[in-house]
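In what follows, chains are A, B, ... by sequence order, proteins preceding strands, each numbered from 1.
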Amino acid sequence: MNMSLDRFITKEPEQKRKPEPMEPKPKPPEQPKVIIEKETEENEEPLEEEEVEIEGFEEPEEALLEETVFEAETPENTGPCFLLSVSYSGKKSCALVKLYDPEKGKIYFWYDNTGHKPYLLTDMPLQEVMKNPSVLKNPGFDPAHCQVVRKTDLLLDTEVELTKVTAKDPLSIGGRGKGLRDILPQTWESRIRYHDCYIYDRELYPGYLYRIRNGTLERVEYKIPDGEIEAFKKIFPPEDEVFKEALDRWLPLFSCPAPNYRRVAIDIEVSTPQLDRIPDAKAAEYPVISAAIVSSDGVKRVLLLRREEISLGEKPSELSDVELIFYEDEKKLIEDIFKVLSSYPIVLTFNGDNFDLRYLWHRALKLGFRKDQIPITLGREVALLSVGIHIDLYKLLHNKAIQVYAFGNKYREVTLDAVASALLGIKKVPLEKLVTELSYMDLAAYCFRDAELTYSLSSFNNDMVMNLITLLMRISRLSMEDVTRQGVSNWIKNLLYFEHRKRGYLIPRQEDILRIKGETFTRAVIKGKKYLGAIVIEPRPGVYFNVVVLDFASLYPSIIKQWNISYETVRCPHSECRSNVLPNTPHWVCKKRKGLMSLITGLLRDIRVYWFKPKSKDKSLPEGLRRWYDIVQHALKVILNASYGVFGAEVFPLYCPPAAESTTAIGRYVITNTISKAKEEGVDVIYGDTDSVFLHNPSQEQINRLLNWVEEQFSIDLEVDKVYSYVTFSKRKKNYLGV
DNA sequence: CACTGTGGCCGTGGCC
DNA sequence: GGCCACGGCCAC
């Protein structure tokens, strides 16, 4: 199965895709145009909160994102491309969209030409804003685009009129120092980073298909075969308009295959005086002595710096098809690394944010490069590329949700060695001495292995990681850079913000939610926790034969869907909803409005459970397609598993304790009632935990009656999860053995 | 520095 | 030796 694009577009004659790796002498990759202009001093990443001023003569890197002059082509027309990122171009004062052309394997730039401006919302009337002296004094204030906007305030369920206050640049909304958000007494949506704001307002889906036509950015609709749409409709009888609309919008996002990204992995070695010391990237005191490059188009190369008293060493067999290039001059070596960095659409590193790219940036400056000659942009804790996208696999693999749900907790420690041996079965080259003391060949072998492992992490299991990233971009609506660096709560936040904007809902402030909804009512069993969680049934010790385990298929997402749980619907403002009390809680839930989280969680849950999960196991489908569906259902699982938890997390901007505790309260209600019913039916219940019940030797009829009863009673799915020949229980909970 | 939640078991170390 | 608080790790 190929993940080619031939399913959706009829235009351009299909070109044969680039050959895969292992070409002995690959053609050097086509390079985007590199234009050298004079230095600019523009800022990016302006909406960072609470920047700390660091004194010192050197401008701290935390403060600024320097813009370099490396650029990609900006064509007026393109074929279908994948949207990889949106950022803000300080130089052009507008949004910059990076598109990936899967045919040519390169990046195009598209600069916003719609006149979109950074803005915030305030309840100060427009006329007052226009004559407010502090506002007028702000040089970034842009009176020309200010206007009155109408929004739905979900917390009060009212329509509100607000003033949209626009600025000439994102920094003027609220960077360091006094932005408009600090001047105005009350603001909303003023802490959203500009590039996210742009994605919401243009309803862009990163990771999905776009093209440039006559200079305009357009979405390309991925065509789903008619047969599949019909099959889908059979499984999802259209419930209501909202649901159907969302279905039309979501299904193509999940069905459109990800491209086979042209990409390069890179790793550098720096001469170190001590073995146990990682060189300080900021000081960049020591020379870069080697760099290894492994790419999807077959480049395998190690750049080596010639130094005194280093022997050549014996060429190991693993370097037999690796090109070795020696440099007399470190500056030239780094220049060549920069050429690679600026000529690939995607660059992979392991810890490049904090080390490799950061070191190169500082080292280059030290060696006399001008800032605009460095194709890297440093942020406080990221290192981005001027042309392409930098993915730091260390950051991605550090993500707990990815660790647990995508890789099944296979690696414990997030080091290249641990991750690679767990996922790939290959280890780093063991080091017996300082890299500085290695012969050229040994150094090359060591460095090359690291780059090779880094590349392999992106390619193993048929590019599983790249496919997963692409899907998570589409779900979260985050750029490739952001989705690989942020945690699951940020993915969900961004998805919900997007959906608010799309529907004209005001994005609420956390303190307003907390003030109106209040804290929790229940108390946790465990000290230090905020509210009561799930129930674990005391196991009856012993050995049991023929044990059937019933399991609620994603219980919490189902509850969120079925009981209409969302921050705006739990304890809604309507007096007529107050009687609609949620079981085991003093909270009521809205009868008039479908909760946004309830809608989205329910939708994603249903799509996963009824469509992608069964398809991922359908042996009648081609293997490649099945694999794709499996990644889709995994990506959905990652999001769904966090959808309840975020409501109970203070870091989540839509934090809503009553919504979180209602979800677990309903969970307890559901499992308790299910167990009672089972006992009523004469079934022996020997154990249960959160969403599972263990039945001892039940008859098929008893099982069926129970499943049907649950379906009727709660409209959620109880399934037979496992059948054990025998299970042994000790008297301890969460500790059993089933065969 | 990373940032979805709670429930439960177990080993460690402080304290009497 | 017994009690307890705490952190790490797992189940869900």
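Counting non-hydrogen atoms under 4.0 angstrom, G645(A) reaches a base of the nucleic acid.
For dT4(B), the OP1/OP2 oxygens have a side-chain nitrogen or oxygen of S489(A) closer than 4.0 Å. Side-chain nitrogen and oxygen atoms of Y736(A) include none within less than 4.0 Å of the OP1 or OP2 phosphate oxygen of dG8(B). At dG8(B), one or more side-chain N or O atoms of K733(A) fall inside 4.0 Å of OP1 or OP2 (strictly under the cut-off).
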message = Determine whether D689(A) and K734(A) satisfy the following criterion, salt bridge (Lys or Arg N to Asp or Glu O under 4.0 Å), listing intermediate values before the conclusion.
response = CA-CA 8 Å; D689(A) 184 346; K734(A) 297 188 189 278; 2.8 Å; yes

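If you take NZ of K400(A) and P of dA2(B), they are 13 Å apart, rounded to a whole angstrom. When the C1' atom of dC9(B) is taken as reference, atom CG of D689(A) falls 13 Å away, rounded to whole Å. The CD atom of Q403(A) sits 12 Å away from the P atom of dT4(B) (whole-angstrom rounding). With rounding to whole Å, F552(A) atom CZ is found 14 Å from dC12(C) atom C1'.
When the P atom is compared between dC3(B) and dG8(C), the two are found 15 Å apart, to the nearest whole Å.
Side-chain atoms of Y205(A) and R249(A) include a donor-acceptor pair closer than 3.5 Å.
Applying side chain to side chain donor-acceptor pair (under 3.5 Å) to E499(A) and the options K502(A), R503(A), R501(A) leaves one that passes, R503(A).
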